[in-house]
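To start, the structure under review is shown below, and the notes come after it.
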There are 2 protein chains.
Amino acid sequence: MAEGKASVKDVARVAGVSVATVSRVLNDSATVSAESRARVLAAVERLGYRRNAVARSLRTAATGTIGLVIGDILNPFFTELARAVEDEARAAGYAVVIGNADERPDRQDDYVRTLLERRVDGLLLCPTAEVTPLVRDTVASGTPVVFLDRTLPGLDVPTVRADGADAIDELVGHLLRLGRRRLAFVSGPAILSTGRERTDAFAAALARRGQPVRPEYLEAGDFQAASGRAALARLLDLPEPPDAVVAGDNLMALGALDEIRARGLSIPGDVALASYDDVPWFPHLDPPLTAIAQPVQELGRSAVRALTDRVEGREVEQVTLRARLVVRGSCGEPMTRRHPDARDTGHGDGTNDEGSVTA
Amino acid sequence: MAEGKASVKDVARVAGVSVATVSRVLNDSATVSAESRARVLAAVERLGYRRNAVARSLRTAATGTIGLVIGDILNPFFTELARAVEDEARAAGYAVVIGNADERPDRQDDYVRTLLERRVDGLLLCPTAEVTPLVRDTVASGTPVVFLDRTLPGLDVPTVRADGADAIDELVGHLLRLGRRRLAFVSGPAILSTGRERTDAFAAALARRGQPVRPEYLEAGDFQAASGRAALARLLDLPEPPDAVVAGDNLMALGALDEIRARGLSIPGDVALASYDDVPWFPHLDPPLTAIAQPVQELGRSAVRALTDRVEGREVEQVTLRARLVVRGSCGEPMTRRHPDARDTGHGDGTNDEGSVTA
DNA sequence: TCCTGCCGTGTAAACGATTACACCACTCCT
DNA sequence: AGGAGTGGTGTAATCGTTTACACGGCAGGA
């Protein structure tokens with residue numbers, strides 16, 4: 001109704017009670033007579049009073065806020081993750097402050113720093129490719145931190161992540177079955193679990209099937225599109241270029257697509273392409289991209305649960321979920337339906353289903 | 001180094017000075033002897049002191065934070081916008097708290113409420129399709145608010161947006177030139193400027209060229225994929241279905257794609273498709289999607305500048321930028337290069353260029 | 001009647017910073 | 001020598017809440 005600068009003191013005066021009573025009504029913390037309650041509520045309404053969360057946080061030493069630092073806000077994987085985190089946090093009564101590290105340790109640190117200064121109750125971190133002193137100190141200092149999607153070596157932090165080893169194994173089998181023999185992998189930074197482990201799983205899958213693992217087919221990028229493109233350029237310039245490439249995330253797959261198209265090569269004719277991460281438009285690409293889908297919704301929700309558990313003093317353990325393979329046409333699988341009359345039911349983690357967002 | 005619970009008082013004690021001096025060093029606000037400064041800095045280091053932004057904000061009545069409420073975090077348009085806002089805000093010394101309204105007025109209000117409680121210095125709002133009392137009260141109460149991307153009728157709020165009338169006109173000309181005569185438009189909610197104005201521009205462009213505007217070809221959605229799909233279903237079920245469809249945003253275009261594919265129709269053979277908003281993967285679709293690109297980076301940056309100007313007491317005026325048409329193959333344009341050996345230079349607002357993200 | 005307990009309420013002390021004001025010790029000028 | 005200015009510092013008030021503690025009144029049991 002009125003100006004927005006009223007404080008408890010004003011409310012108390014208008015309602016003819018003390019500030020303590022106002023506070024008690026606002027938090028319904030103790031017994032207050034119906035009479036007082038009504039008068040306070042009326043005064044609040046009349047003054048357009050809005051509680052000052054800053055002062056409240058100062059006094060209670062809790063902000064009701066968790067920080068989420070994601071790797072790259074332009075990466076739909078993180079975007080979807082942020083959405084899931086937000087939903088679950090809101091349900092648990094927390095607000096989320098999102099920070100975008102842009103895959104750069106310095107920006108990550110910037111965000112961690114301001115989030116800590118703002119006294120978030122806990123921190124959800126998708127760590128960038130480096131163990132910075134700040135991150136080390138932060139986890140050491142007892143601030144509730146949970147790693148999401150990725151881990152860093154040498155730090156004892158609860159982590160929520162998806163294991164794609166089985167899916168990668170399946171994908172390798174798929175490619176070999178389709179006659180591909182020169183399989184390449186473009187991984188993320190080796191220090192990140194999501195970089196190292198995916199490469200390892202890939203190599204293990206080849207080995208398990210008695211296939212050689214050629215070091216020149218193991219490329220590394222930084223999870224950004226440009227690095228995917230560069231990696232593809234190096235691979236395609238090899239004397240014996242690969243006939244199948246698996247990209248370590250969806251952005252590098254996009255970069256790979258760029259390079260393959262730019263060279264006038266066809267997919268899957270000249271080279272098969274598959275991607276880690278499944279995103280809504282993959283089914284609409286030419287050809288539809290075979291991908292490994294992570295349970296993004298569950299990842300986000302579990303992470304929030306783990307963090308709030310830590311914040312509220314409960315014990316938490318590591319959470320590992322499973323990713324799974326979604327076969328489409330980009331590896332040479334015969335396309336059974338050129339113009340499908342039913343929806344491709346590739347996704348399946350509960351929400352997004354091919355570009356149709358939110359139920 | 002040590003525990004993270006030190007306060008200015010502790011620092012003062014260790015440094016052998018008063019809290020005032022500590023504060024002065026921390027804000028380098030007044031002259032402090034080199035001697036004292038050094039001792040304070042040493043104490044800060046030794047105690048691992050981290051300034052409490054909550055207390056600071058309470059005292060200074062400023063949080064150094066701006067709130068950004070976007071329509072839908074799963075929509076890449078908003079994601080890119082958020083990125084731009086964040087960059088500019090960070091450069092201006094502000095942190096950004098992102099809220100995701102999910103295109104729902106109640107969630108928008110939820111976020112506006114908590115952001116105001118947390119005393120953000122200003123609010124960047126992409127309003128949802130309804131003028132809620134809270135939004136009305138907020139702008140009336142003098143809180144610095146700037147609308148971004150969209151306006152609401154009846155509210156006098158500085159707005160930063162892109163005008164697509166010229167681009168739509170150009171697109172209509174493009175379609176007519178390619179022989180399309182039954183043009184349909186799937187708009188967003190009529191109450192939003194981004195809904196209404198795009199429809200109007202579309203109708204005006206047709207009228208200007210002496211083409212009839214058929215009301216049954218003017219569909220409305222809610223900027224989400226599902227509504228685009230539903231709209232397409234209605235359009236394609238008409239006795240005389242359109243031979244070209246323009247979607248009012250990228251998600252509805254995705255939904256349109258879904259429906260067209262599900263019916264076994266081909267693009268552009270059976271129906272041409274174009275979209276408002278350009279996103280990194282459009283060039284990789286089958287066929288590459290013709291789209292109207294908004295100057296997203298500039299939009300975000302201008303909005304932050306407008307808001308910080310308001311926050312810091314300067315006058316601000318409306319900002320209107322221009323969108324532009326990016327022709328690809330989805331309307332029947334002969335594809336000059338099936339396998340381009342140069343990059344499609346569709347985008348051009350400075351940063352993203354096809355899928356390659358960040359320079 | 002007096003004591004005990006409970007209910008509803010108010011007073012005042014925190015929380016951790018910033019900052020107005022006062023103060024001291026100089027130096028420099030007249 | 002005395003006054004004015006200045007540079008460096010400390011004391012204490014303040015921001016808007018929450019909450020420990022105290023207190024008055026009233027009911028019920030002995």
Side-chain angles (χ1 to χ4, degrees), chain A residues 2-41 43-44 47-65 113-114 116-121 143, chain B residues 3-41 43-44 47-65 113-121 143:
Chain A
E3 296 304 295
K5 48 236 310 180
S7 77
V8 268
K9 219 174 288 185
D10 303 309
V11 174
R13 184 164 15 80
V14 170
V17 298
S18 75
V19 291
T21 299
V22 174
S23 177
R24 282 191 267 256
V25 171
L26 262 28
N27 305 314
D28 42 47
S29 57
T31 53
V32 176
S33 71
E35 161 79 7
S36 298
R37 159 165 278 109
R39 299 166 56 121
V40 167
L41 261 23
V44 164
L47 295 173
Y49 168 76
R50 220 183 299 285
R51 161 207 260 147
N52 186 330
V54 174
R56 176 188 168 82
S57 299
L58 176 59
R59 177 59 226 242
T60 59
T63 53
T65 300
R113 219 183 322 265
T114 63
L116 291 178
E117 276 197 358
R118 279 152 215 275
R119 295 300 195 266
V120 291
D121 294 339
T143 309
Chain B
E3 296 303 296
K5 47 235 311 179
S7 77
V8 269
K9 217 174 292 185
D10 302 311
V11 175
R13 182 163 19 79
V14 170
V17 298
S18 75
V19 291
T21 298
V22 174
S23 176
R24 282 190 268 256
V25 170
L26 262 30
N27 304 313
D28 41 46
S29 58
T31 53
V32 175
S33 71
E35 160 78 10
S36 297
R37 157 164 281 110
R39 298 165 58 119
V40 168
L41 262 20
V44 163
L47 295 172
Y49 169 76
R50 218 181 300 284
R51 162 207 259 142
N52 185 331
V54 174
R56 175 189 171 82
S57 301
L58 176 60
R59 178 59 226 246
T60 60
T63 51
T65 299
R113 219 183 321 268
T114 62
L115 290 172
L116 290 179
E117 277 196 358
R118 280 153 215 273
R119 295 300 193 266
V120 291
D121 294 338
T143 310

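Each chain gets a letter, A, B and so on, in the order its sequence line appears, and its residues count up from 1.
- Put simply, CZ on B/Arg13 is 14 Å from C1' on C/dG16, counting in whole angstrom units.
- One finds the OG1 atom of A/Thr143 at 9.0 Å from the CZ atom of A/Arg119 (value rounded to the nearest 0.5 Å).
- Between atom CZ of residue B/Arg13 and atom OG of residue B/Ser7 there is a gap of 8.0 Å, rounded to the nearest 0.5 Å.
- When each of B/Thr60 and B/Ser18 is assigned the nucleotide of DNA chain D bearing its nearest heavy atom, the one mapping closer to the 5' terminus is B/Ser18.
- Between B/Arg119 and D/dC15 there is no side-chain polar atom (N or O) within less than 4.0 angstrom of OP1 or OP2.
- At the heavy-atom level, A/Val54 lies nowhere under 4.0 Å from the strands shown.
- Across D/dT18, C/dG16, C/dT9, the shortest atom-to-atom separation from the side chain of B/Ser7 is found for C/dG16.
- Residue-level contact check: B/Val32 touches the backbone only, with heavy atoms under 4.0 Å from sugar-phosphate atoms and none from bases.
- A side chain to side chain contact (heavy atoms under 4.5 Å, CB included) with A/Arg51 is found for exactly one of A/Asn27, A/Val22, A/Val11, namely A/Asn27.
- Under the side chain to side chain contact (heavy atoms under 4.5 Å, CB included) test applied with A/Arg37, the options A/Val17, A/Thr21, A/Thr31, A/Asp28 reduce to a single match, A/Asp28.
- Proximity of a side-chain donor or acceptor of B/Arg118 to a complementary backbone N or O of B/Thr63 within less than 3.5 Å is not detected.
- At the phosphate of C/dT18, OP1 or OP2 sits under 4.0 Å from a side-chain N or O atom of B/Asn27.
- Listed nucleotides: D/dG16, D/dG8, C/dT18. Nearest to the side chain of A/Val8: D/dG16.
- In this structure, A/Ala20 and A/Thr31 both approach DNA chain C, and ranking their closest nucleotides by distance from the 5' end singles out A/Thr31.
- Taking each heavy atom of A/Asp121 and A/Ala62 in turn, the nearest pair found is OD1-CA, 3.5 Å.
- Distance from the side chain of B/Val19 is smallest to D/dT11 among D/dT11, D/dG16, C/dA17.
- Taking atom CG on A/Asn52 and atom P on D/dT14, their separation rounds to 18 Å, with Å as the unit.
- The CG-P distance, from A/Asp28 to D/dT18, rounds to 11 Å in whole Å.
- For the atom pair CG (A/Leu47) and NZ (A/Lys5), the distance works out to 13.0 Å, reported to the nearest 0.5 Å.
- Put simply, the side chain of B/Arg24 and the base of D/dG10 share a donor and an acceptor less than 3.5 Å apart.
- Using a 4.0 Å cut-off, some side-chain N or O of B/Ser33 falls inside it from OP1 or OP2 of D/dT9.
- The 5' end of DNA chain C is approached more closely, in terms of each residue's nearest nucleotide, by B/Leu58 than by the other of B/Leu58 and B/Ser29.
- Bending across the helix from C/dT1-D/dA30 to C/dT30-D/dA1, expressed as the angle between its end axes from five pairs apiece, amounts to 60° (10° rounding).
- Closest to the side chain of B/Ser23, from the set C/dG16, D/dT18, C/dT18, is C/dT18.
- Residue-to-nucleotide proximity on DNA chain D shows that, of A/Arg56 and B/Thr21, the 5′-proximal contact is made by B/Thr21.
- The base of C/dT18 sits with one of its N or O atoms less than 3.5 Å from a complementary donor or acceptor on the side chain of B/Arg59.
- Rounded to a whole Å, the NZ atom of A/Lys9 is 9 Å from the P atom of D/dT17.
- Regarding B/Lys5, its NZ atom lies at a distance of 14 Å from the P atom of C/dA17, rounded to whole Å.
- In terms of heavy atoms, B/Val25 sits closest to B/Leu41 at CG1-CD1, 3.5 Å.
- One interatomic measurement links the two molecules: CZ of B/Arg118 to C1' of D/dG16, which rounds to 16 Å at whole-angstrom precision.
- Between B/Ser36 and D/dT9, a side-chain N or O to OP1/OP2 separation shorter than 4.0 Å is present.
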